[in-house]
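Throughout, protein chains are lettered first and strands after them, A, B, ... in sequence-line order, and every chain is numbered starting at 1. Just so we're clear, the structure is a prediction, and the values are computed from it rather than from any experiment.
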Amino acid sequence: MPRSDTRSDCIDLRATLDCGQVFHWRKRADGSWEGLIGEGHAVVREDNSRLVVLQGEPGLVNRYFAMDHDLGGIYAGFPKDETMLAALDFCRGLRMIRQPAWECLATFITSSMKQVAHIRQMSTALRARFGSAVAGTDLRSYPTPDALASASEDELRACGLGYRAKNLRATAQRVASGAADLETMRELDDENLRDALCQLPGVGRKVANCVMLFGFEKLSAFPVDTWIARIMKRHYWRGRAKPTPAALEKKLAARFGPHAGYAQQYLFHHARSTERRRHR
DNA sequence: CGCCAGGGTCTCG
DNA sequence: CGAGACCATGGC
């Protein structure tokens, strides 16, 4: 009997929503997942690895969860080494969702030197304090650029942001004023988009790559954080001199191909999940 | 208590 | 360039 989750239209909601690409979805007692897609309330569940939309406009929800991504084709392009195959086996059905660009950018500005659990906590606090109510749920929308631009630094620090408050506020002001236009950035090629994002306060190479991957559908973007650097050193970079981040990305792009971002997220989620388990 | 967390930025050699 | 200091906060 063929595994049902090897189909190209499968999805693993827990892996997708709990892998560190998005930070506000929650699992309900009945096993369904509740979240917001922009300002819209959405509830979804799995049925035999297929996506079932319980709340929200189906076309919009399917687009958010990137159900059009051909996972079979993407997996076929992964390198066949042991580390990658173990990650694939663990993460099969994890999809790179299409997040609203501003929400993604702002969230990852707050992510530096923070654990995933605390990024979620800051996101919740920002939504509660500066977001808007949404009909049918107590979840609140992510604050607009205007809302964060007009907040004081102390108010942002009260949401647990620490030194990141200044950067989030400054970037929100640039976006709110139109000095930075995220929609126009969609027309840029990868390299120019990365450069444009890196000009924003609090955005360096790593955060820019996350925003490209999660918010701009740039599936080749390869964020290198502490976990990925550890994996690369352990499994892909043994004995060799430490390359610069840019050189590392170039070599990784060659190794992992046009969907390198997918491979990266699978390696990240697998390593982090198994490491966490070992601590219990 | 010490260490680490999906880093960015500035300074100094 | 490249390495190091510093930045806040919370979990373990």
Side-chain angles (χ1 to χ4, degrees), chain A residues 15-25 87 90-91 94 96-97 99 103-126 129 151-172 174 180 194-216 218-219 221-234 240-250 252 256 260-280:
Chain A
T16 299
L17 295 172
D18 204 30
C19 71
Q21 63 174 325
V22 65
F23 301 93
H24 77 278
W25 287 78
F90 185 84
C91 301
L94 191 169
M96 311 305 302
I97 63 177
Q99 293 185 47
E103 176 180 328
C104 182
L105 169 62
T107 301
F108 276 92
I109 285 174
T110 69
S111 75
S112 81
M113 292 300 290
K114 279 295 179 188
Q115 294 182 121
V116 170
H118 195 224
I119 300 169
R120 184 175 289 112
Q121 191 176 316
M122 289 183 289
S123 167
T124 301
L126 287 169
R129 175 66 181 82
S152 72
E153 191 180 323
D154 283 343
E155 287 176 313
L156 296 179
R157 280 176 181 262
C159 295
L161 293 187
Y163 63 85
R164 304 157 192 82
K166 185 190 293 276
N167 287 332
L168 180 59
R169 184 165 184 268
T171 289
R174 288 208 199 174
R194 186 179 294 109
D195 289 344
L197 289 170
C198 283
Q199 288 174 7
L200 298 170
V203 180
R205 259 201 122 74
K206 188 270 171 184
V207 169
N209 279 322
C210 284
V211 177
M212 290 171 68
L213 180 57
F214 305 137
F216 284 86
K218 300 294 190 183
L219 300 184
F222 198 104
V224 178
D225 71 326
T226 54
W227 285 89
I228 290 293
R230 194 178 310 149
I231 294 167
M232 292 301 119
K233 188 175 177 184
R234 190 181 297 165
R240 266 174 275 187
K242 180 185 167 194
T244 66
L248 178 60
E249 277 171 40
K250 190 170 286 185
L252 293 175
F256 291 97
Y262 254 96
Q264 179 274 157
Q265 195 62 16
Y266 280 43
L267 292 169
F268 172 82
H269 182 56
H270 179 228
R272 205 172 67 85
S273 300
T274 53
E275 188 76 17
R276 252 192 323 192
R277 232 171 250 172
R278 209 170 297 152
H279 278 298
R280 287 179 197 159

Expressed as a whole number of Å, how far does the [atom1] atom of [N] sit from that of [M]?
N      : M     : atom1 : result
B/dT11 : C/dA8 : P     : 16 Å
B/dC4  : C/dA5 : P     : 15 Å
C/dG11 : B/dG8 : P     : 23 Å
C/dC6  : B/dC3 : P     : 16 Å

[X] has an atom [atom1]; how far is it from atom [atom2] of [N], in whole Å?
X      : N      : atom1 : atom2 : result
A/D154 : C/dT9  : CG    : C1'   : 16 Å
A/I109 : C/dA8  : CD1   : P     : 16 Å
A/Q115 : C/dA8  : CD    : P     : 19 Å
A/M113 : C/dG11 : CE    : C1'   : 13 Å

Under 4.5 Å between any side-chain heavy atoms of [X] and [Y], yes or no?
X      : Y      : value
A/L213 : A/P223 : yes
A/Q264 : A/F256 : no
A/Y262 : A/F222 : no
A/Q121 : A/K114 : no
A/C19  : A/Q265 : yes
A/Y163 : A/S112 : yes

### Task
Ignoring hydrogens and angles, tell me if any N or O in the side chain of A/R272 forms a donor-acceptor pair with the backbone of A/W227 under 3.5 Å.
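No: the side chain of A/R272 does not pair with the backbone of A/W227.
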### Task
Please check if the side chain of A/T274 supplies one atom and the backbone of A/A271 the other of a donor-acceptor pair under 3.5 Å.
yes
### Message
Using a strict heavy-atom distance below 4.0 Å, which residues from residues 116-123 of chain A are in contact with DNA chain B?
### Response
A/V116
### Query
Do any side-chain nitrogens or oxygens of A/R157 fall under 4.0 Å of OP1 or OP2 in C/dA8?
yes
### Message
Going 5' to 3' along DNA chain B, which are the first and last nucleotides with any atom under 4.0 Å from a heavy atom of chain A?
### Response
B/dA5 to B/dT9
### Task
Determine the stems involving DNA chain B; a stem requires 3 or more consecutive pairs of the Watson-Crick or G-U wobble kind, each with both distances below 3.5 Å, and the answer is none if no such run exists.
B:2-5 with C:9-12, B:7-13 with C:1-7
